[in-house]
Amino acid sequence: KVLDRMGISTVMLTGDNRRTADALAHEAGITDVRSELRPEDKAQAVADLAGRGPVAMIGDGINDAPALKQASIGVAMGSGTDVALETADVALMGEDLRHLTQALAHARRARRIMLQNVGLSLGLIAVLIPLALTGVLGLAAVVAVHELAEIVVIANGVRAGRTKPLAQPGRDHDPVAEVAASAISR
């Protein structure tokens with residue numbers, strides 16, 4: 001549901017049976033569910049999806065390794081198998097998928113801040129060079145303004161490192177985990 005709000009479509013590729021897959025997908029808000037897939041089927045599905053644009057594959061098991069390799073970016077859950085962790089481009093520590101949306105939101109925010117910094121720096125240089133060349137500002141004034149602007153850029157960049165911690169798992173209602181636990185116990 002969070003990924004949909006971020007403009008990212010989600011497809012569930014799983015080796016689980018249809019009933020379990022549908023229950024998990026329903027709770028997670030995923031409408032495109034492909035169940036009872038073998039590893040080569042998952043890899044083919046990722047390849048087919050890649051025809052529409054970049055594809056990220058999230059997996060944790062040895063059966064996910066071919067699809068992780070096929071994806072534009074493979075993301076392994078930290079609790080997964082060694083093969084999945086070695087094959088993936090990124091490893092999320094733990095089993096909480098909320099870390100994925102948090103990492104994505106953090107990366108997008110950091111990119112926006114980086115572009116702000118680049119724009120500010122280039123704009124300032126575009127203003128300072130003509131002012132220095134025409135003699136409106138002396139060299140010392142240009143250097144002072146530039147260094148002050150760099151402090152602003154650095155301070156703005158520090159914002160990119162800030163993240164909001166995830167809420168504690170015991171305090172949150174996690175419907176996906178509850179459905180997974182009930183489907184496993186059936």
Side-chain angles (χ1 to χ4, degrees), residues 1-115 160-169 172-186:
K1 294 176 185 178
V2 174
L3 290 173
D4 281 339
R5 286 193 300 264
M6 295 173 91
I8 298 171
S9 60
T10 307
V11 178
M12 178 187 274
L13 306 175
T14 181
D16 292 338
N17 66 54
R18 186 78 182 165
R19 181 177 166 200
T20 301
D22 285 342
L24 288 170
H26 177 73
E27 278 299 315
I30 299 171
T31 56
D32 190 351
V33 182
R34 303 174 194 182
S35 59
E36 301 177 10
L37 299 176
R38 298 180 319 257
E40 58 271 17
D41 297 331
K42 291 179 186 181
Q44 184 59 50
V46 168
D48 293 344
L49 291 167
R52 294 190 244 161
V55 174
M57 169 67 185
I58 304 161
D60 64 353
I62 194 166
N63 293 334
D64 296 323
L68 288 168
K69 185 71 175 166
Q70 184 71 34
S72 307
I73 184 166
V75 180
M77 298 306 293
S79 60
T81 64
D82 289 342
V83 173
L85 290 168
E86 289 294 324
T87 305
D89 301 301
V90 176
L92 293 177
M93 302 315 295
E95 298 177 357
D96 192 343
L97 281 175
R98 294 177 303 158
H99 288 289
L100 176 67
T101 55
Q102 182 188 37
L104 185 57
H106 181 69
R108 287 181 171 182
R109 181 172 181 265
R111 183 175 189 275
R112 274 194 315 271
I113 291 170
M114 179 196 67
L115 291 175
R162 294 188 189 142
T163 60
K164 294 179 183 176
L166 289 173
Q168 296 298 321
D172 284 2
H173 169 69
D174 189 355
V176 174
E178 290 173 8
V179 169
S182 67
I184 291 170
S185 65
R186 288 184 194 155

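Atoms CG and CE, on Leu100 and Met77 in that order, are 8.0 Å from each other to the nearest 0.5 Å. Of the inter-residue distances, the one linking Ile30 atom CD1 with Met12 atom CE reads 4.5 Å to the nearest 0.5 angstrom. Once rounded to the nearest 0.5 Å, the distance linking OG1 of Thr14 with CG of Leu24 reads 8.0 Å.
Between Arg34 and Val11, some side-chain heavy-atom pair lies under the 4.5 Å cut-off. Glu36 has its side chain within reach of Asn17: a pair of non-hydrogen atoms, C-beta onward, lies under 4.5 Å apart. At least one side-chain heavy atom of Leu92 sits less than 4.5 Å from a side-chain heavy atom of Val75. Counting heavy atoms from C-beta outward, Asp32 and Thr10 have side chains that stay 4.5 Å or more apart. When side chains are defined from C-beta on, Asp16 does not count as touching Ser35, because their heavy atoms never get closer than 4.5 Å.
Remark: Leu104 engages Leu3, Met6, Ile8, Arg108 in a side chain to side chain contact (heavy atoms under 4.5 Å, CB included) (not counting sequence neighbours). Scanning for side chain to side chain donor-acceptor pair (under 3.5 Å) contacts around Asp89 gives an empty result, with sequence neighbours left out. Annotation: side chain to side chain donor-acceptor pair (under 3.5 Å) contacts of Glu40 (sequence neighbours excluded): Arg38. Every residue was checked against the side chain to side chain donor-acceptor pair (under 3.5 Å) condition with Arg112, not counting sequence neighbours, and none meets it. Remark: Asp22 pairs with Arg18, Val33 by the side chain to side chain contact (heavy atoms under 4.5 Å, CB included) rule, at least two apart or across chains.
His106 places a side-chain N or O within donor-acceptor distance of the main-chain N or O of Ala160, the cut-off being under 3.5 Å. Checking side-chain atoms of Ser72 against main-chain N and O of Val55 turns up a donor-acceptor pair under 3.5 Å.
Other residues, nucleotides and ligands contribute at most 12 non-hydrogen atoms within 6.0 Å of the CD1 atom of Ile62. In Arg111, the CZ atom is not crowded: 12 or fewer heavy atoms of neighbouring residues, nucleotides or ligands sit closer than 6.0 Å.
For the pair Ala88 and Gly74, the tightest heavy-atom approach, listed with the atom from each and the gap, is CB-O, 3.4 Å.
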Side-chain atoms of residues 42-49: list all donor-acceptor pairs with protein atoms under 3.5 Å, sequence neighbours left out, distances to 0.1 Å.
{"from": "Lys42", "atom 1": "NZ", "to": "Asp64", "atom 2": "OD1", "distance (Å)": "2.7"}
{"from": "Gln44", "atom 1": "NE2", "to": "Asp48", "atom 2": "OD1", "distance (Å)": "2.8"}

